[in-house]
Amino acid sequence: MSPNAITSPPTLAPGTLRVTPLGGLGEIGRNMTVFEYEGKLLIVDCGVLFPEEHQPGVDLILPDFEPIKHRLNDIVGVVLTHGHEDHIGAVPYLLRLKRDIPLIGSGLTLALVEAKLKEHRIKPYSLTVKEGQDERVGPFDLEFVAVNHSIPDALAVAIKTPAGTVLATGDFKMDQLPLDGRLTDLRAFARLGEEGVDLFLVDSTNADVPGFTPLERSIGPVLDQVIGKAPRRVIVASFSSHVHRVQQVLDAAHANGRRVALLGRSMLRNMTIAADLGYLTVPEGVLIDYKKAQDLPDDKIVFMSTGSQGEPMAVLSRMANLDHAIEPGPGDTVILASSLIPGNENAVYRVIDGLTKLGATVVHKGNAKVHVSGHAAAGELLYCYNILKPKNVLPVHGEYRHLMANAKLAQDTGIPAERTIIGENGTVVDLKDGIATVVGQLDIGFVYVDGSTVGEITDADLKDRRILGEEGFISVIVVVDAATGRVITGPEIHARGFAEDDSVFDDVKPKIAAALAEAAKSGVRDSHALSQIVRRTIGRWVNQRLRRRPMIVPLVIEA
């Protein structure tokens, strides 16, 4: 089923569980799903989406809280499956609306969230849980299940109500030799399957990748080899919360007689938390302050930085633009130890090209095995479907092709097509008596964080920014006689973002004056109407002559 039309869902019937994803469907990020039962709401995850090139100036994109803004008092808790930004990054913005909404998650997840909230001056109410634990939160019975991911302490959650049981995996894979020894608990999955899973919300990110996700520990020897052979400095870029990857870099550096300096505020903050809680084991003497690291010989240092997705303000991008104290050059080795999030490809390759141009050797997933995904591939998902045998499936966390691939896997294992829901953000699903039904489609938008503003920037504003960036800007000032409409001064034309000199517009000035004179003959005196005449006249001319569609700001002054 693929709902498109905006339709209001009916009043929730007694004994029915309502499931509404507000983010994470059709995109990689801003994961958030709302569960409603007997008038109470439970939220699973509350993450951000990172902007793409067609969203200039935007810092973050939030889930659309509009459907729950008037029901904040009904929220009994927010379950956070793990500590990645696309699952926890929007929590401060939700808690700005109501500070005492309880947060529920594992030790590391809550520590990462609490550090973020401290910057927003919010002290949350939190409940730390671990795998195998059961909690009752409002009318929801929750069971937490260990899952393996690219960050420690990830949890799936089984949500049990009289209307049925939902299993939400969060992000997960089934690494059989995980670095921390913490396996995805397939025995718990099997038991839940025996008890009956009525709706399965499952990670779709790698559903279109055949086979099984490679082992995380296969990366360690490659990093060890690359760092061991590097003649000068080594710079490793990764997600700031990828504890396993940082652990491998620390171990490889230590084995090769190098020290490690952490770069980037989020990297330093997250790794300090992970080390304090025992999730990161730091070899003695391997970490060094960034300022002291600059005194070490080039072949004795590894810099661990953020910026693996080409983010313009992150450390690696600034290095590539020579806008950082560390300037990569010949003999330096840069390792991009992460996957490419869809939509970031151009930005990442721009950084790779910039670093290569400076003479650095860039090692990335395309030319060496320096990263494996944190998400289950098709083979692992098939295992889950066969173990759980869910009655209904709602693929989540992925772009449309990922959701479709995941639904196909479910159907291959015998789940009927009508029990496989391809949803969108805002799709409303009701679960009762083992049957999940789409009952509505909410109008869900993008909420942009732009500097200090949240939700103020609109798609129209972004369109204006794109036009300014791509097509240029023209201002036209004309002074007209208030009584006759005759042009007294001007038109004065100034352009920005044009290769041509302003003198190129000399040809259009008589056309503007003639159009205004014609309007004056017709009795047009309204300055707004005259401004539109100026806009249309110069707009047509620029389009025909210069093949451009710039932003045009006309100013008609009556004298």
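Nothing here was measured: the structure is a model prediction, and the numbers come from that model.
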Report task. Count the heavy atoms belonging to other residues, nucleotides or ligands that lie under 6.0 Å from OH of Y383, then report whether that count exceeds 12. Result ->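 No, not enclosed.
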Sidechain-backbone polar pair: [X] side chain, [Y] backbone, donor-acceptor under 3.5 Å:
X	Y	result
N256	A252	yes
Q176	M174	yes
N367	V362	yes

Shortest non-hydrogen contact from [X] to [Y]?
X	Y	result
L403	G26	CD1-N, 3.8 Å
V236	A337	CG1-CB, 4.1 Å
D175	L183	O-CD2, 3.4 Å

Requested in this report: Say whether E27 and N425, considering side chains only, have a donor N or O and an acceptor N or O under 3.5 Å apart.
Outcome: yes
Query - D45 and T81: side chain donor to acceptor below 3.5 Å - result: yes
Salt bridge or not for [X] and [Y], using N-O below 4.0 Å?
X	Y	result
E119	R265	yes
E85	K116	yes
K173	E216	yes

Query raised in the report: Is the distance between the ring centroids of H397 and H87 under 6.0 Å?
Result: yes
Report task. Measure centre to centre between the rings of Y93 and H120, then say whether the value is under 6.0 Å. Result -> yes
Query raised in the report: For K130 and F144, what are the C-alpha separation, side-chain angles and deciding distance, and is it a side-chain contact (heavy atoms from CB on, under 4.5 Å)?
Result: CA-CA 7 Å; K130 58 184 179 181; F144 297 93; over 6 Å; no
Report task. Scan I326, N321, V351, I352 and name whichever one has a side-chain contact (heavy atoms from CB on, under 4.5 Å) with L316. Result -> V351
